[in-house]
Amino acid sequence: AQKVTQAQTEISVVEKEDVTLDCVYETRDTTYYLFWYKQPPSGELVFLIRRNSFDEQNEISGRYSWNFQKSTSSFNFTITASQVVDSAVYFCALSDFTGGGNKLTFGTGTQLKVEL
Amino acid sequence: SQTIHQWPATLVQPVGSPLSLECTVEGTSNPNLYWYRQAAGRGLQLLFYSVGIGQISSEVPQNLSASRPQDRQFILSSKKLLLSDSGFYLCAWSREDYNEQFFGPGTRLTVL
């Protein structure tokens, strides 16, 4: 069965620190997609990235970077030089064929608090 | 560009009353549509999804139902609300299977 684990319930950092949010997934499929979403206090989920299972290249977008490692079934998210505006709940999600390709399995989220 | 709307933004309803939440998508055709609920805490639970008009798949047996009367309209309903129906309801759309889902602003429902 598909499963996404975000073991870090809450992380607190001081502004400008780097922070890594962990995501571990389980799937029996060879073709799958991984996602990260941000949920700020307003509540709306904001799409950040999609990665397919055949592309293990790390991705960098500004202060955000993602490390996909199939060997450890992990898709970790790093924020460099964190800012107060990064405070939010971050969700990792998985979409695979067995789970129904049009459905996302979400982790329980990691609450990130960035303080001055 | 595509936009997704949900209304109302907040709703307070008594137990036993009916419910109708609406979601519409603009700027795309034949989207996949989804209803999620986020209860106190932060877990996201998929309630319903639809791949076309009149096609509804239910993920969790419950007090709710969904309908898709038009290509870009998705409605979440209940005949009689329960206290446990309180939560944050999110509608989402995607272009096709496996693609990223885009979420609406959500409806915060409180059942008293």
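The sequence lines fix the lettering, A, B, ..., with proteins before strands; numbering per chain opens at 1.
Residue A/Lys3 places its NZ atom among 12 or fewer non-hydrogen atoms of other residues, nucleotides or ligands, all under 6.0 Å distant. Counting heavy atoms of neighbouring residues, nucleotides and ligands inside a 6.0 Å radius, atom CD1 of A/Ile60 does not exceed 12 of them. Residue-environment remark: CD (A/Gln57) stays at or below the threshold of 12 foreign heavy atoms within 6.0 Å.
Both the backbone and the side chain of A/Gln111 have a heavy atom closer than 4.5 Å to some heavy atom of chain B.
Hydrophobic cluster membership is shared by B/Tyr89 and B/Val15, with clusters built from Ile, Leu, Val, Met, Phe, Trp and Tyr side chains linked at under 4.5 angstrom. A/Phe75 and A/Phe54 fall into different hydrophobic clusters, where Ile, Leu, Val, Met, Phe, Trp and Tyr side chains are chained together by heavy-atom contacts under 4.5 Å. A continuous path of ILVMFWY side-chain contacts below 4.5 Å connects A/Ile79 to A/Trp36, so both sit in one hydrophobic cluster. By the rule that hydrophobic residues join a cluster once side-chain heavy atoms approach within less than 4.5 Å of another member, B/Val12 and B/Trp7 end up as members of separate clusters. Placement of B/Ile75 and B/Leu90 in two distinct hydrophobic clusters is found when ILVMFWY residues are connected by side-chain heavy-atom separations under 4.5 Å, directly or transitively.
Of residues 62-69 of chain A, no residue lies under 4.5 Å from chain B by any heavy-atom pair. Contacts between residues 83-93 of chain A and chain B, counted as heavy-atom pairs separated by less than 4.5 Å, involve A/Val89, A/Phe91.
Minimum heavy-atom separation, B/Glu100 to A/Arg50: OE1-CD, 3.3 Å.
In terms of heavy-atom pairs under 4.5 Å with chain B, the best-connected choice from A/Gly109, A/Gly107, A/Ser42 is A/Gly109.
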>> Run A/Phe106 and B/Gln38 through side chain to side chain contact (heavy atoms under 4.5 Å, CB included) and show every step you take.
In response: CA-CA 11 Å; A/Phe106 282 87; B/Gln38 188 175 33; over 6 Å; no
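A 4.5 Å side-chain heavy-atom check between A/Lys103 and B/Tyr49 finds at least one atom pair inside the cut-off. Proximity of B/Leu46 to A/Leu104: side-chain heavy atoms (C-beta onward) are nowhere separated by under 4.5 Å. Residues B/Leu44 and A/Leu45 have side chains in contact (heavy-atom distance under 4.5 Å, counting atoms from C-beta outward).
For an aromatic pair to be called close, the ring centres must be under 6.0 Å apart, and B/Phe103 with A/Tyr37 satisfies this.
Every residue two or more places apart in sequence or in another chain that forms a ring pair (Phe, Tyr, Trp, His ring centres under 6.0 Å) with A/Tyr25 is listed here: A/Tyr32.
Rounding to the nearest 0.5 Å places CD of A/Glu44 at 8.0 Å from CZ of B/Phe88.
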Let me have the donor-acceptor pairs involving side chains of residues 105-112 of chain B, under 3.5 Å, with sequence neighbours excluded, atom names and distances please.
unit_1	atom_1	unit_2	atom_2	d
B/Thr107	OG1	B/Pro8	O	2.5

